[in-house]
There are 2 protein chains.
Amino acid sequence: MPRFFIDHEPDGSVTLTGEAATHIGRSLRMRVGDELVLCREGTDYYCKIDTMTSDEVQCSVLFSRECANEPSLELTLFQALPKGDKMEFIIQKAVELGCSRIVPFISERCVSRPDAKSLSKKQERWQKIAEGAAMQSGRGIIPEVCEAVDFDKMLKLAAAQDMSYFFYELGGLSLTRQPPVGERRVGMIIGSEGGFSPEEAQAAEQAGLLTASLGPRILRCETAPLAALSALMILTGNM
Amino acid sequence: MPRFFIDHEPDGSVTLTGEAATHIGRSLRMRVGDELVLCREGTDYYCKIDTMTSDEVQCSVLFSRECANEPSLELTLFQALPKGDKMEFIIQKAVELGCSRIVPFISERCVSRPDAKSLSKKQERWQKIAEGAAMQSGRGIIPEVCEAVDFDKMLKLAAAQDMSYFFYELGGLSLTRQPPVGERRVGMIIGSEGGFSPEEAQAAEQAGLLTASLGPRILRCETAPLAALSALMILTGNM
């Protein structure tokens with residue numbers, strides 16, 4: 001059933017306008033009487049279309065229930081900025097795989113170092129991609145793509161999670177040796193193409209993060225977050 | 001250390017020509033005395049460059065050992081042909097994540113149905129991509145991209161593995177409920193954009209394959225194989 005996110009709690013009926021209304025009418029060719037799911041902050045509202053015009057769709061709520069597709073973990077991906085448009089790819093796939101929040105950051109070996117204006121434009125675009133992926137994959141929330149931060153700020157945010165993994169290509173234990181048992185707010189820190197400097201790895205350890213490995217094969221910086229997310233999801237019964 | 005695949009067992013010394021020689025000299029700017037790894041069928045040969053010209057590099061073998069990067073599982077990915085160039089992406093990532101063989105196949109809902117000539121050209125290109133990904137990720141073998149087959153032939157090949165998972169969006173158990181315990185040759189079957197028909201799912205079950213789920217979130221056809229591979233690798237201690 002088609003899913004759309006809404007930004008306010010529906011009060012028996014909901015009026016959709018803008019892109020959602022156009023999409024329902026033109027792309028999906030839905031009609032009066034068809035059913036769809038409107039989703040807000042983890043709750044799915046099952047609705048029926050009552051009336052529709054070219055730019056407005058009115059639905060009534062049939063029933064609501066908690067979205068069953070959200071993982072028990074609240075995973076934040078801290079991703080060092082990769083080159084080109086790889087971040088778009090990472091965000092799309094991370095949202096599909098159940099990530100709850102993405103925090104881009106700049107580390108020592110990042111080649112991509114956009115200025116503040118360009119970053120803010122990118123953030124807007126990334127948020128759109130997260131929303132599209134959330135709709136497509138049946139998520140109950142739209143994961144937030146946060147403002148890009150520097151390495152030190154990222155460490156502070158990661159250390160504030162219940163636990164965070166610092167994925168380092170030169171060391172660390174497998175996730176199977178240090179799974180997130182009972183923790184809910186979990187962070188994963190992934191480097192850019194050049195990985196992390198030894199100083200950064202040391203700073204992460206000093207901040208209390210767990211140094212972790214994704215195995216002996218060298219993963220590209222856009223493959224690593226997907227492997228780590230999949231591994232955490234399966235290890236915690238969320239896949 | 002740079003890695004190259006060779007196609008014959010080295011006899012004390014090895015002569016590299018063609019692309020490898022050019023890459024060593026021009027791109028990597030290596031010199032006489034530099035060390036590299038030559039790899040063949042799971043064995044790493046640690047070598048030193050003795051002489052080099054613009055199109056030939058001669059190395060002597062210092063020592064050899066089994067490549068430590070190969071997983072204990074021999075995983076075959078049976079992938080229904082997706083649209084566009086997604087197959088290239090899937091092959092690159094699957095090789096990084098430890099897949100041993102990729103068998104493309106055509107299922108009922110495949111939109112992409114290239115003719116034999118086009119498929120053979122694609123296969124060549126895909127094999128090149130597998131080789132590049134194997135080098136980059138430090139694999140001990142070059143995973144083979146096999147000839148594309150039809151659904152029935154794919155089922156036969158999958159059933160000949162020690163065990164095979166048929167990933168079906170409309171059912172099946174989590175991999176955690178049916179992990180590959182002790183099995184070495186494992187198959188994973190992933191659909192194209194439209195997934196599988198109920199008849200195909202039934203045929204897979206009748207062929208003795210395990211129907212499996214990748215969780216409640218809907219994964220794109222290019223995300224699913226990476227999630228499944230990562231999950232199998234972590235569940236079997238290979239990540």
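Lettering of chains follows the sequences in order, A, B, ..., and the numbering in each one begins at 1. Just so we're clear, the structure is a prediction, and the values are computed from it rather than from any experiment.
In the displayed structure, B:Lys48 atom NZ is contacted under 6.0 Å by at most 12 heavy atoms of other residues, nucleotides or ligands. More than 12 heavy atoms of other shown residues, nucleotides or ligands fall within 6.0 angstrom of atom CZ in B:Arg113. Residue-environment remark: CD (B:Gln178) exceeds the threshold of 12 foreign heavy atoms within 6.0 Å. Annotation for B:Gln127: atom CD counts as buried by contact number, over 12 foreign heavy atoms lying within 6.0 Å. Under a cut-off of 6.0 angstrom, the local environment of CD in A:Glu199 is crowded, with over 12 non-hydrogen atoms contributed by other residues, nucleotides or ligands. The local environment of CD in A:Glu66 is sparse, with at most 12 non-hydrogen atoms from other residues, nucleotides or ligands closer than 6.0 Å.
The line from NZ of A:Lys93 to NZ of B:Lys93 is 11.0 Å long, rounded to the nearest 0.5 Å. Summarising the geometry, atom CE belonging to B:Met239 is positioned 6.5 Å from atom CG belonging to A:Leu219; distances are rounded to the nearest 0.5 Å. One distance of note links CG of A:Leu97 with OG of B:Ser230; it measures 8.0 Å at 0.5 Å rounding. The line from CG of B:Leu226 to CD of A:Glu96 is 9.5 Å long, rounded to the nearest 0.5 Å. Atom CE of B:Met233 is separated from atom CD1 of A:Ile234 by 13.5 Å, given to the nearest 0.5 angstrom.
Neither the backbone nor the side chain of B:Leu232 comes within contact range of chain A, judged by heavy atoms closer than 4.5 Å. Looking at B:Ala68, the atoms closer than 4.5 Å to chain A (heavy atoms on both sides) all sit in the backbone: N, CA, C or O. Using a 4.5 Å cut-off between heavy atoms, B:Arg177 does not touch chain A at all. Both the backbone and the side chain of B:Gln136 come within less than 4.5 Å of a heavy atom of chain A.
Here A:Arg220 is the residue among A:Arg139, A:Glu222, A:Arg220 with the most heavy-atom pairs under 4.5 Å with chain B.
Minimum heavy-atom separation, B:Glu70 to A:Arg217: C-NH1, 4.0 Å.
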